[in-house]
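Chain naming here is simple, since letters A, B, ... match the order of the sequence lines and numbering starts at 1 in each. Computed from a prediction, not measured in an experiment: that's the story for all the values here.
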Protein chains: 2
Amino acid sequence: MEEIERVAIYRLHAQFCKTLSDANRLLIMAELVKGERSVSELVERLGLQQANVSKHLALMRDRGLVTMRREGASAYYSLSDARIFEAIKMLMQVQADQFERQHNLANRAE
Amino acid sequence: MEEIERVAIYRLHAQFCKTLSDANRLLIMAELVKGERSVSELVERLGLQQANVSKHLALMRDRGLVTMRREGASAYYSLSDARIFEAIKMLMQVQADQFERQHNLANRAE
DNA sequence: AGAATATATAACTATATGTTCATATATATC
DNA sequence: GATATATATGAACATATAGTTATATATTCT
């Protein structure tokens with residue numbers, strides 16, 4: 001693989017990862033992993049502004065993390081691929097393990 | 001789990017994910033997954049500025065993604081947990097699959 | 001001690017991003 | 001067709017972040 005192509009791929013993937021790097025978007029995904037939700041359901045459950053939720057969803061849709069289904073005036077969103085939340089969980093576990101390790105070290109130091 | 005705590009956890013995790021959301025940092029991690037590297041090795045292989053690499057490494061170290069070992073004047077970095085790159089690979093695969101799916105749809109439409 | 005090498009950091013600039021408010025668009029209901 | 005409801009979007013602002021240049025710190029070698 002050429003170096004230029006390689007860099008381009010990582011640039012693209014960085015943008016994909018950037019979509020995971022906002023707390024509100026992670027909360028939205030944690031909600032969607034339970035099942036399909038409409039915008040207003042997300043607004044109500046997460047206590048965010050409607051415009052804010054719509055914007056996050058538009059971004060996530062652009063980048064292929066969620067899909068949308070229209071039903072009347074409502075828009076129902078779902079995760080496009082279960083592995084996305086699998087990866088998130090895996091990373092959260094790494095972080096949790098590190099936190100615990102640090103905690104143990106701190107205790108042993110007392 | 002309380003809602004406030006839940007949000008705090010996702011905020012922390014978002015910061016962790018944010019560390020994955022830069023192309024140069026992903027390139028650094030792709031290099032480190034092959035094995036320990038010094039700063040100058042990374043600078044040479046990736047063609048980035050030394051100050052830039054040092055900054056990214058400092059950030060990654062702060063957030064627990066890499067560990068550092070000093071040897072003389074050199075600093076050797078490695079990934080702190082193999083699962084980090086596993087998660088990255090998983091997400092890249094999701095993206096690759098989506099790309100392929102879109103490509104197939106485009107071909108079928110011709 | 002002084003020079004050379006390796007890494008880190010501070011200051012600065014440019015750019016990207018999240019949030020909010022206001023408004024637009026689309027669908028359903030009367 | 002007018003009104004209400006659901007969602008999307010544009011403008012504006014504040015903030016965060018990446019990259020660069022210059023410099024500081026630390027270590028090795030002579």
Side-chain angles (χ1 to χ4, degrees), chain A residues 7-8 10-32 35-78 80, chain B residues 7-8 10-32 35-79:
Chain A
V7 170
Y10 277 94
R11 208 183 300 278
L12 191 69
H13 184 59
Q15 202 186 46
F16 193 80
C17 281
K18 199 165 281 175
T19 321
L20 309 179
S21 69
D22 177 85
N24 287 337
R25 282 195 293 270
L26 288 178
L27 286 164
I28 289 173
M29 287 187 247
E31 198 56 42
L32 293 183
E36 204 184 43
R37 297 279 186 271
S38 71
V39 177
S40 52
E41 280 169 346
L42 290 171
V43 168
E44 190 187 0
R45 286 179 197 230
L46 301 176
L48 301 173
Q49 299 243 0
Q50 178 267 317
N52 194 2
V53 171
S54 277
K55 277 219 166 146
H56 283 306
L57 288 169
L59 192 84
M60 291 156 81
R61 192 151 39 95
D62 274 358
R63 299 188 183 168
L65 284 100
V66 298
T67 55
M68 194 259 264
R69 177 177 74 81
R70 263 226 122 79
E71 188 177 309
S74 298
Y76 287 90
Y77 284 85
S78 22
S80 68
Chain B
V7 171
Y10 277 94
R11 207 183 301 278
L12 191 69
H13 184 59
Q15 202 186 45
F16 194 80
C17 282
K18 198 165 283 175
T19 321
L20 310 179
S21 70
D22 177 87
N24 287 337
R25 282 196 293 269
L26 288 178
L27 286 163
I28 289 173
M29 287 187 247
E31 199 56 40
L32 293 184
E36 204 184 44
R37 296 280 185 272
S38 71
V39 177
S40 52
E41 282 169 344
L42 290 171
V43 167
E44 190 187 357
R45 287 176 194 232
L46 301 176
L48 301 173
Q49 301 243 0
Q50 178 266 318
N52 193 2
V53 172
S54 277
K55 264 197 162 179
H56 283 306
L57 288 169
L59 192 83
M60 290 156 82
R61 190 152 39 94
D62 274 357
R63 299 189 182 168
L65 284 100
V66 299
T67 55
M68 194 259 264
R69 178 178 72 83
R70 263 226 123 78
E71 187 178 309
S74 299
Y76 288 90
Y77 284 85
S78 22
L79 281 185

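- In this structure, the side chains of I28(A) and R37(A) stay at 4.5 Å or more apart for every pair of heavy atoms.
- The distance from atom CE of M60(A) to atom P of dT7(D) is 15 Å, rounded to the nearest whole Å.
- At a threshold of 4.5 Å between non-hydrogen side-chain atoms, the residues L59(B) and K55(B) do not count as touching.
- Under the side chain to side chain contact (heavy atoms under 4.5 Å, CB included) criterion, R61(B) pairs with A58(B), V66(B), M68(B), Y77(B), not counting sequence neighbours.
- Nearer the 5' end of DNA chain D, as judged by each residue's closest nucleotide, is the contact made by A75(A), out of A75(A) and L59(B).
- Residues L20(A) and C17(B) share a closest heavy-atom pair of O-CB, 3.5 Å.
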Give each protein N/O atom lying under 3.5 Å from an N/O atom of nucleotides 11-15 of chain C, with the pair distance.
{"residue": "dA11(C)", "atom": "N6", "partner": "K55(B)", "partner atom": "NZ", "Å": "3.2"}

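- Atom CG in D62(B) sits about 12 Å away from atom P in dA18(D), given to the nearest Å.
- Of all the residues in residues 36-49 of chain B, Q49(B) reach under 4.0 Å from DNA chain D with at least one non-hydrogen atom.
- Put simply, CD on Q15(B) is 12 Å from C1' on dT17(D), counting in whole angstrom units.
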Exercise for review: Mark up nucleotides 22-30 of chain D, 5' to 3', with B wherever a protein heavy atom is under 4.0 angstrom from a base atom, S wherever such an atom reaches only the sugar-phosphate, and - elsewhere.
Suggested key: B----SS--
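- Partners of D62(B) according to the side chain to side chain contact (heavy atoms under 4.5 Å, CB included) rule, which considers only residues two or more places apart in sequence or in another chain, do not exist here.
- Under the side chain to side chain contact (heavy atoms under 4.5 Å, CB included) criterion, E36(B) pairs with R69(B), Y76(B), S78(B), sequence neighbours left out.
- As rounded to whole Å, 13 Å separates atom P of dA8(D) from atom CG of N52(A).
- Toward the 5′ end of DNA chain C lies the nearest nucleotide of S54(B), the other residue of the pair H56(A) and S54(B) mapping further downstream.
- Contacts classified as salt bridge (Lys or Arg N to Asp or Glu O under 4.0 Å) and involving residues 42-53 of chain A (residues at least two apart or in different chains) are given here: E31(A)-R45(A).
- Scored by the side-chain hydrogen bond (donor to acceptor under 3.5 Å, both in side chains) test, T19(B) finds R63(B) as partners (sequence neighbours excluded).
- Between L48(B) and V43(B), the closest heavy-atom pair is O-CG1, 3.3 Å.
- Within residues 18-28 of chain A, no residue has a heavy atom under 4.0 Å from DNA chain D.
- By the side-chain hydrogen bond (donor to acceptor under 3.5 Å, both in side chains) test, S40(B) pairs with S38(B), sequence neighbours left out.
- Between Y77(A) and dA8(D) there is a side-chain N or O to OP1 or OP2 distance below 4.0 Å.
- When the side-chain hydrogen bond (donor to acceptor under 3.5 Å, both in side chains) test is applied to T67(B), no partner is found at least two apart in sequence or on another chain.
- For the pair S21(B) (side chain) and K18(B) (backbone), a donor-acceptor distance under 3.5 Å is present.
- Applying the side chain to side chain contact (heavy atoms under 4.5 Å, CB included) rule to D22(B) yields the partners N24(B), R25(B), H56(B); only residues at least two apart in sequence or on another chain are considered.
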